Amino acid sequence: MTATVPPSTGTPETTSTDTRHHKLAIIGSGPAGLTAAIYAARANLEPMVFAGNTPLGQLMITSDVENYPGFPGGIQGPELMQLFRDQAERFGSTLLDKDVTRVDFSQRPHRLWVGDDEYQADAVIVATGASALWLGLESEEQFRGRGVSACATCDGFFFRDREIAVVGGGDTALEEALFLTRFASKVTMLVRREAFRGSKIMQDRALAHPKIEALWNKEVTEVHGEQTVGAVSLRDTKSGEESRLELQGVFVAIGYKPNTELFSGQLDLDERGYCVVDGETGTRIEGVFVAGDVHDHRYRQAVTAAGDGCKAAIDAERWLESVGETERSTATNW
């Protein structure tokens with residue numbers, strides 16, 4: 001979920017028409033946000049989840065998920081996220097499929113806006129996630145989940161004994177390429193420049209690996225295939241020469257962008273825009289917690305995001321109890 005309106009640090013406009021107060025608001029509805037909702041609802045916090053205009057996170061554009069515990073036969077990403085949602089709603093979470101457009105964490109209760117409608121919450125969990133950066137090709141979007149991926153850890157297993165390409169030249173691309181050699185018969189790295197941008201040790205490992213080949217000054221201009229990916233068109237960034245590369249998979253590894261525009265000036269962000277965590281899930285603002293890929297730029301897995309959501313909900317419940325907003329929960333609430 002991404003913000004569409006710049007955040008506010010001051011008084012809201014007088015056009016606000018709707019004010020509602022909640023013990024806990026959760027911004028985001030991926031694995032982190034919905035796991036937080038499940039735990040918070042079972043602790044009788046009746047959380048309000050702002051799920052976004054495109055709810056349920058990045059797994060909604062993922063096909064087979066085979067590394068989430070409890071599903072030995074695998075499960076489709078959208079089906080898994082619908083189960084998350086059903087479970088959160090079963091225990092009393094309220095989901096609103098709209099984007100939060102402004103926040104004000106300068107006072108308690110914290111204030112959030114969806115357009116002109118104002119909501120208030122004693123505690124807030126920020127779980128807006130991060131978005132993979134894509135090439136921006138229509139054909140790339142067409143084949144997402146059918147040969148085009150942005151997560152080697154998630155999808156590498158499906159490309160056993162296949163020829164694939166990794167797009168990018170930084171440490172992320174190098175790490176993805178090296179990981180994919182466990183499965184693929186060949187990994188071609190497509191680099192827009194004449195050299196990698198990643199660390200020297202990662203470059204050396206990639207260049208020395210017998211399964212990895214680097215093609216310099218190459219950008220992908222089109223993805224081809226029928227039901228799944230079969231080839232890509234390439235353009236030489238120096239000469240403009242066109243070529244075609246036959247393969248069965250494309251991994252785009254040009255980086256991630258945390259969905260934190262909404263919190264600029266409200267929460268501490270690092271140089272890449274990720275939320276800075278105080279302790280396990282806290283922030284510099286009392287009563288505001290973070291969970292999932294909005295701060296985690298290392299693992300970026302559904303299961304680690306879900307774990308973060310669990311921790312954030314427990315921390316929020318304990319904080320609310322400590323300031324007298326709720327009664328202490330028993331262990332059975334969890």
Side-chain angles (χ1 to χ4, degrees), residues 58-68 71-80 131-193 196 198 202-203 205-237 241-256 300-302:
Q58 293 190 74
L59 285 185
M60 292 300 288
I61 59 171
T62 302
S63 53
D64 294 311
V65 178
E66 293 195 334
N67 57 3
Y68 198 88
F71 300 94
I75 186 171
Q76 295 290 300
E79 182 184 358
L80 177 61
S131 300
L133 297 177
W134 298 93
L135 302 174
L137 304 174
E138 185 176 334
S139 57
E140 168 196 49
E141 185 173 349
Q142 177 187 349
F143 285 102
R144 282 186 202 171
R146 296 191 293 122
V148 173
S149 173
C151 180
T153 307
C154 310
D155 299 328
F157 178 81
F158 302 112
F159 294 86
R160 188 174 296 278
D161 299 324
R162 305 285 183 88
E163 293 192 9
I164 60 177
V166 172
V167 181
D171 275 335
T172 298
L174 291 163
E175 289 170 8
E176 300 270 275
L178 287 163
F179 177 82
L180 288 165
T181 59
R182 304 179 189 184
F183 311 103
S185 59
K186 181 179 180 180
V187 179
T188 302
M189 297 195 68
L190 303 175
V191 187
R192 284 179 53 89
R193 305 181 185 183
F196 291 123
M202 294 299 294
Q203 293 185 42
R205 288 175 183 173
L207 292 171
H209 200 289
K211 285 189 177 182
I212 295 178
E213 178 185 3
L215 298 182
W216 312 111
N217 303 310
K218 294 292 187 290
E219 63 178 2
V220 177
T221 57
E222 196 74 25
V223 181
H224 305 282
E226 295 183 4
Q227 295 301 314
T228 59
V229 169
V232 292
S233 290
L234 304 176
R235 186 181 73 86
D236 190 288
T237 56
E241 181 183 352
E242 302 282 344
S243 60
R244 184 181 174 99
L245 179 64
E246 306 291 328
L247 42 67
Q248 291 81 52
V250 179
F251 286 81
V252 181
I254 56 177
Y256 285 79
R300 296 193 296 265
Q301 299 298 302

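Here the structure is a predicted model, which means the values were calculated and not measured. Numbering of residues begins at 1 and proceeds along the displayed sequence.
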Using side chain to side chain donor-acceptor pair (under 3.5 Å) as the criterion, list what pairs up with Glu213, not counting sequence neighbours.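 With neighbours one apart ignored, the set is Lys186.
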
Holding to side chain to side chain donor-acceptor pair (under 3.5 Å), I want the full list of residues that pass it with Thr188, two or more places apart in sequence or in another chain.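 Side chain to side chain donor-acceptor pair (under 3.5 Å) check on Thr188 returns nothing, list empty.
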
Contact summary for [X] and [Y], nearest pair of heavy atoms:
X	Y	result
Asp236	Lys218	OD2-NZ, 3.2 Å
Trp134	Ala150	CH2-CB, 3.6 Å
Ala214	Phe196	CB-CZ, 3.9 Å
Phe159	Gln248	CE2-O, 3.3 Å
Glu176	Ala253	CG-CB, 4.0 Å
Phe71	Leu80	CE1-CD1, 3.6 Å

Is any side-chain heavy atom of [X] closer than 4.5 Å to a side-chain heavy atom of [Y]?
X	Y	value
Asn67	Phe157	no
Leu190	Leu245	yes
Met189	Leu174	yes
Glu140	Val220	no
Val166	Ile212	no
Phe251	Ile164	yes

Do Ser185 and Lys211 pass the side-chain contact (heavy atoms from CB on, under 4.5 Å) test, and can you show the C-alpha distance, the side-chain angles, and the key distance before you say yes or no? CA-CA 7 Å; Ser185 59; Lys211 285 189 177 182; 5.8 Å; no

What distance do [X] atom [atom1] and [Y] atom [atom2] have between them, rounded to the nearest 0.5 Å?
X	Y	atom1	atom2	value
Arg205	Thr181	CZ	OG1	11.5 Å
Cys151	Leu59	SG	CG	9.5 Å
Ile254	Arg192	CD1	CZ	9.0 Å
Met202	Glu175	CE	CD	4.5 Å

Could you check whether His224 and Ser233, counting side-chain N and O atoms only, form a donor-acceptor pair closer than 3.5 Å?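 The answer is yes; a qualifying pair exists.
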
Please check if any side-chain donor atom of Ser139 sits under 3.5 Å from a side-chain acceptor atom of Glu222, or the reverse.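 Note: Ser139 and Glu222 side chains meet the donor-acceptor criterion.
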
So for atom CZ, which belongs to Arg235, do other residues, nucleotides or ligands contribute more than 12 heavy atoms lying within a distance under 6.0 Å?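 Atom CZ in Arg235 is packed in, count exceeds 12.
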
Consider salt bridge (charged side-chain N to carboxylate O under 4.0 Å, His left out). Of Glu241, Glu246, Glu242, which one does Arg244 pass it with?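 Exactly one candidate clears the test, Glu246.
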
